[in-house]
Amino acid sequence: MKPKRRWNERTRLILTLELAVVLPAAALVILSAWHLMHIQRDRAVEAAIQRDFTQVLAISEKEINQKAYEQLDDVRSGFPAPGMTCAETLDRLLAAHPYAAHLFAYDPDHGMMFRSQPYRLKNDQAFHAEADGLSEMGEGWLKMEYKGLLETMTKMEKKGTPYYAFKNWVPRGEKHVYQSIVMFAKTDEATGKKAIGGIAFDAEYLRDRFFPEMLETVTSHNLGEGQGDKNHAVIMLHPKGESAPLAASAGWDGGVPEVERNMEAVFPGLTLAIKLRGTTLEAIGQHFVRTSFLALGALSLLLAGGIVLTYRNVSKEMALARLKSDFVSNVSHELRTPLSLIRLYAETLEMGRLNSREKYQEYYCIIRKESERLSALINNILDFSRIEAGRKEYDFRETDMRELVRNTLDSYRYQIEQHGFTYEERIDEVPPLRVDREAMARSLLNLVNNALKYSQDRKHIGVKLYRENGSVKLEVIDHGIGIPHQEQHKIFEKFYRVGDPLVHNTKGSGLGLSLVRHIVQAHGGEVLVDSAPGEGSKFTIALPVKQGENGRNLASA
């Protein structure tokens, strides 16, 4: 038969941590890392921002066209009916709408009527040449394309777009400036006659006012929310196929646009472009991924730290629970031993089996000593309970330490001799101290009791009381098993017992040294240990001679 597998508490703890914490945390970290790598590989951050930029450009083009349509509608509404066009009517429209550089009307019966801004014709030779060229070219072109253009614009009007636009580049010195020429169909409702009307935007107006103002407007509308001062988005407008900006919003710093959109309706031949000021989408994507990886790394470290701390705390609580269980078992044994002796000697006395008065006296003394031992053990437990609850208090009084040490050792001398120990005592003259007599006596008894328990072959106990360097020192020396150096700082912890086989085979509560440390610290002193395995131990209680206002101020645990 295969032996059944047994799960101890430590194994169950590790398994619980793995299933409840480690595995979900590891899965979260791995999935997050995979997701970030997927984002980095597919450039998902850049793609998301590009989609937003594309939408911004579409909305921006719509707003620019809407503004242009409003201006075109103002001019179109004032256009005369076919056959009624005259120079005076067009001149009045030009005067009312200075953004229009040229107006023209054409129908086969009356030919071309072309008018330009009068003040520009007089003062600007380049503008005058522009007007002559457009008039001549437009008349010849419309004569050939009139019928086809009219059908096209009629269909467009039925679809809700009454304007047909085309680009024109007009010379200004050594440069050429963009101009948009927009045509529309004009129908006389009474006679049914048709004509083609046209508006040529002023090139300087588009370059210097319309485009810059509209770019600022659409930037504030579409990019205003959530834009930082440092890396906000900026828009510019440039000729299709060229990189030099025709107009740009404030903050344009050059560079390559991230997303572009070709304009069609009113301003064909131009391209809207958008980018981030001072950075690129690739840099933003890399920064996002890098920051996310750092945050994930920090989160992983926190999770790992939390798991380690949880494991340590739970392990510590398990160890403490195990020590408490051992404590109950050991205390039960410690209580049974004096009770059994008291019962044995009491029954012997009750049955009257003793023949001499000396034996009676010896038995009475044993019963008294065991009762005192039992009381000391119970007092240790009660003191520990008060300390744990924070309710331990001390009664400080002026005390002769020599008398206190002698009386305490005399009451325990029977135990020392019964265990076969040799005893050495050196008590010097020391000044009186303000101490709690019962607490200090219990500290001394705990140290002596430890010496009795953990000494094997060399059974010797030495107690010294002397003054040194402003302190009164009380030493308890034994030649027992000793304490390893690495465990000496732990022996004053509650329930802790040194990992020596003799220690675990010897019953004890594990509270004695913890109580000694608390009592001594409450008196403003310290307890020290000097020990080596196999060489014995020396415990020293050092109390300050001038304690000042020790008293009740140090009494609370």
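What you see is a predicted model, and the numbers here were worked out from it, not measured in a lab.
Between Phe79 and Leu103 there is a side-chain heavy-atom pair separated by less than 4.5 Å. At least one side-chain heavy atom of Leu237 sits under 4.5 Å from a side-chain heavy atom of Leu215. Between Ser220 and Val218, the closest side-chain pair of non-hydrogen atoms is not below 4.5 Å. Under the 4.5 Å side-chain criterion, counting only non-hydrogen atoms from C-beta, Phe166 is in contact with Met183. Between Val266 and Leu72 the shortest side-chain heavy-atom distance falls below 4.5 Å.
With respect to the salt-bridge test (charged N to carboxylate O, under 4.0 angstrom), the residues Glu61 and Lys67 do not qualify.
Note: Phe114 and Tyr106 fail the aromatic proximity criterion, with ring centroids not under 6.0 Å apart.
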Check against side chain to side chain contact (heavy atoms under 4.5 Å, CB included), Met153 and Ile196: CA-CA 9 Å; Met153 287 185 283; Ile196 293 178; 3.6 Å; yes
For Gln71 and Val75, what are the C-alpha separation, side-chain angles and deciding distance, and is it a side chain to side chain contact (heavy atoms under 4.5 Å, CB included)? CA-CA 7 Å; Gln71 294 180 343; Val75 178; over 6 Å; no
Evaluate Trp141 against Leu149 for side chain to side chain contact (heavy atoms under 4.5 Å, CB included), listing each step before the verdict. CA-CA 10 Å; Trp141 181 56; Leu149 286 172; 3.6 Å; yes
CA sep, side-chain torsions, deciding dist, call: Ile64, Leu272, side chain to side chain contact (heavy atoms under 4.5 Å, CB included): CA-CA 11 Å; Ile64 293 173; Leu272 274 174; 4.3 Å; yes
Between Glu264 and Lys240, does a salt bridge (Lys or Arg N to Asp or Glu O under 4.0 Å) hold up when you go through it step by step? CA-CA 11 Å; Glu264 298 293 341; Lys240 188 176 181 180; 5.4 Å; no
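Thr217 contributes a side-chain N or O that, together with a main-chain N or O of Glu213, makes up a donor-acceptor pair within less than 3.5 Å.
Considering all non-hydrogen atoms of both residues, Val177 and Ala203 come closest at CG1-CB, 3.5 Å. Smallest separation of non-hydrogen atoms from Pro162 and Gly160: CD-O, 3.6 Å. The minimum heavy-atom distance between Leu150 and Ala195, with the atom names listed, is CD1-O, 4.3 Å. The minimum heavy-atom distance between Tyr69 and Ala265, with the atom names listed, is OH-CB, 3.3 Å. Across all non-hydrogen atoms, the minimal contact from Pro239 to Ala244 is CD-O, 3.5 Å. The two residues Leu142 and Phe104 have their closest heavy-atom pair at CD1-CE1, 4.1 Å.
Applying the side chain to side chain donor-acceptor pair (under 3.5 Å) rule to pairs touching residues 146-156 yields nothing, sequence neighbours excluded. Residue pairs meeting the side chain to side chain donor-acceptor pair (under 3.5 Å) criterion with at least one member in residues 128-137, sequence neighbours excluded, are His102-Glu130, His128-Asp132, Glu130-Arg172, Glu130-Gln179.
Between Asp202 and the choices Gln117, Arg209, Arg120, the side chain to side chain donor-acceptor pair (under 3.5 Å) rule is met once, by Arg120.
Note on ring orientation: taking the six-membered ring where Trp is involved, the planes of Phe210 and Tyr205 are tilted (angle from 30° to 60°). Aromatic ring orientation, Tyr178 versus Phe211: tilted (interplanar angle from 30° to 60°).
The neighbour count for Gln486 CD, taken as heavy atoms of other residues, nucleotides or ligands under 6.0 Å away, is above 12.
Rounding to the nearest 0.5 Å gives a distance of 12.5 Å between CZ of Arg92 and NE2 of His97. A distance of 9.5 Å separates OG in Ser180 from CG in Asn168, rounded to the nearest 0.5 Å.
Both tests pass for Lys275 against the ring of Trp252: distance under 6.0 Å to the centre and angle within 45° of the axis.
Scanning for salt bridge (Lys or Arg N to Asp or Glu O under 4.0 Å) contacts around Glu216 gives an empty result, with sequence neighbours left out.
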